[in-house]
Amino acid sequence: MRKIRPYILVVTLFVYLIIVLTFVSARLGEIPCKGLQVAVKDTATNSFIDDMEVLKIVKRGYGDIVNTPVMHIDKDSVERLLARNSVIKSAQVYYSLDGYFHVEITQRKPVLRILSGGGYYVDEDGKIMPLSRKYTSRVVVATGDISQKFACDKLYPFVRSLKKDEFWDALIEQIVVRNEELILIPKVGNFKIIFGKLEGQEEKMEKLRLFLKEGISRKGWNKYKEVNLKFHKQIVCVKK
């Protein structure tokens with residue numbers, strides 16, 4: 001009898017759960033939807049979309065869900081509808097017993113803005129993201145002759161490496177591209193950094209870091225008009 005008791009307990013619990021879930025499903029089938037409650041993440045750093053726009057997207061694509069029984073609304077369809085928007089990375093939709101649908105939006109995060117070919121962003125996943133009329137993200141700007149392939153395969157990884165380093169993230173503001181060679185424009189000082197090809201970029205950046213911290217910071221940020229990293233194991237500067 002003692003050996004049987006655990007099995008009886010498990011079966012009883014299982015039956016109880018089935019009854020509770022059946023009751024909840026029946027209860028939800030009777031509850032009309034009272035509306036959508038939207039939460040957009042990371043609005044302090046990006047404001048490509050807000051809750052009102054999310055509500056409009058759902059209404060245009062799915063129809064008015066207010067007063068529709070909760071169980072009649074396909075939340076997976078709503079998620080797919082929202083995920084098709086060019087500024088939304090993901091959408092999670094769920095309902096609660098009070099009759100509200102909850103929508104949690106994660107925005108796409110640009111790391112690079114390309115001002116050629118009509119203009120576009122490259123997001124944190126290395127994918128093309130269209131510009132927005134509503135909001136401009138404060139990221140590194142790249143100009144010049146830039147193909148989308150070069151932007152995603154070469155320029156994006158380089159900018160990601162800059163963003164991970166506090167020193168470079170605070171310093172580099174713009175990148176000019178000519179024949180796949182880079183010119184870096186810093187936020188401070190009136191000079192440009194001739195970087196050249198991306199090959200050997202780690203060595204170049206460490207060489208530049210040492211020069212900026214121990215050289216130019218002592219002599220003044222406005223002493224040179226050009227800092228050239230294209231020469232092997234040396235930095236060539238042009239004075240103003």
Side-chain angles (χ1 to χ4, degrees), residues 28 31-143 146-153 155-164 166 169-170 172-175 187:
L28 285 173
I31 296 176
C33 176
K34 295 180 181 178
L36 284 173
Q37 294 185 344
V38 180
V40 180
K41 297 181 180 179
D42 300 320
T43 53
T45 54
N46 286 309
S47 300
F48 290 106
I49 196 167
D50 57 28
D51 54 351
M52 293 302 296
E53 193 167 354
V54 172
L55 292 172
K56 289 178 182 178
I57 292 171
V58 174
K59 191 168 185 177
R60 285 197 304 264
Y62 198 87
D64 190 359
I65 65 174
V66 177
N67 293 325
T68 302
V70 168
M71 292 297 290
H72 293 182
I73 301 169
D74 187 349
K75 64 184 182 65
D76 293 333
S77 295
V78 178
E79 287 180 352
R80 289 193 295 269
L81 170 67
L82 291 167
R84 288 200 295 267
N85 187 278
S86 62
V87 302
I88 295 176
K89 182 176 182 178
S90 65
Q92 290 187 331
V93 179
Y94 60 94
Y95 45 74
S96 52
L97 289 174
D98 60 1
Y100 282 95
F101 264 79
H102 302 267
V103 181
E104 293 183 357
I105 298 295
T106 300
Q107 301 179 84
R108 294 174 68 182
K109 297 179 182 178
V111 297
L112 173 65
R113 184 182 181 189
I114 307 295
L115 294 182
S116 61
Y120 54 91
Y121 291 111
V122 181
D123 74 4
E124 62 182 347
D125 297 316
K127 297 178 180 179
I128 299 297
M129 176 181 173
L131 298 180
S132 170
R133 294 180 180 178
K134 180 180 178 180
Y135 177 76
T136 300
S137 184
R138 297 182 64 182
V139 294
V140 173
V141 174
T143 59
I146 307 172
S147 67
Q148 288 193 1
K149 180 174 177 56
F150 182 77
C152 295
D153 295 348
L155 207 52
Y156 156 73
F158 176 65
V159 172
R160 283 284 285 177
S161 69
L162 297 181
K163 192 170 182 61
K164 291 178 181 178
E166 289 184 4
D169 187 39
I172 304 303
E173 181 175 43
Q174 182 180 346
I175 299 174
K187 295 177 183 177

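Bear in mind the structure is a predicted one, so any value in this text is a computation, not a measurement. Values below: all heavy atoms of this structure, side chains included; hydrogens, waters and symmetry mates excluded.
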Please verify the inter-ring angle class for Y121 with F48; under 30° counts as parallel, over 60° as perpendicular, anything in between as tilted. perpendicular
Output for pair (D51 CG, T43 OG1), nearest 0.5 Å, gives 9.5 Å
Closest non-hydrogen contact found for P110 with V139 is O-CG1, 3.4 Å
Dump the intermediate steps for side chain to side chain contact (heavy atoms under 4.5 Å, CB included) on I175 and V141, then the final yes or no. CA-CA 6 Å; I175 299 174; V141 174; over 6 Å; no
Does the K34 side chain pair with the main chain of D98, one donor and one acceptor, at a distance under 3.5 Å? yes
To the nearest 0.5 Å, atom CG of L112 lies from atom CG of L162 at 10.0 Å
Checking Y120, F150, Y156 against I114 for side-chain contact (heavy atoms from CB on, under 4.5 Å), the one that qualifies is Y120
Smallest heavy-atom separation, D42 atom then K109 atom, equals OD2-CE, 3.1 Å
- Query: Is it true that D123 and K89 make a salt bridge, defined as a side-chain N closer than 4.0 Å to a carboxylate O?
  - Reply: no
- prompt: Can you tell me if NZ on K187 sees more than 12 non-hydrogen neighbours from other groups inside 6.0 Å?
  reply: yes
- Query: So, do V93 and I73 sit near enough that their side-chain heavy atoms are less than 4.5 Å apart?
  - Reply: no
I49 and V87 have their tightest heavy-atom pair at CB-CG2, 4.0 Å
Rounded to the nearest 0.5 angstrom, the CD-NZ distance for Q92 and K41 is 6.0 Å
Interatomic distance, CZ@R108 vs CG@N85, rounded to 0.5 Å, equals 9.5 Å
Closest non-hydrogen contact found for N46 with S137 is OD1-OG, 3.4 Å
Item to complete: Side-chain contact test, heavy atoms from C-beta onward, threshold under 4.5 Å: evaluate it for R113 versus L131 and give yes or no.
Response: yes
Shortest non-hydrogen pair, V111 vs K163, comes out as CG1-CD, 4.2 Å
To the nearest 0.5 Å, atom OG of S147 lies from atom CG of L155 at 9.5 Å
Has Y62 got a side-chain atom pairing as donor or acceptor with D74's backbone, closer than 3.5 angstrom?
yes
In terms of heavy-atom contacts, does NZ of K134 have more than 12 from other residues, nucleotides or ligands at under 6.0 Å? yes
Of all heavy-atom pairs linking I57 and L81, the shortest is O-CD2, 3.7 Å
| message | Could you check whether any side-chain heavy atom of E53 comes within less than 4.5 Å of a side-chain heavy atom of V40, counting everything from C-beta outward? | response | no
Distance col, row D64:CG vs L55:CG, nearest 0.5 angstrom, shows 10.5 Å
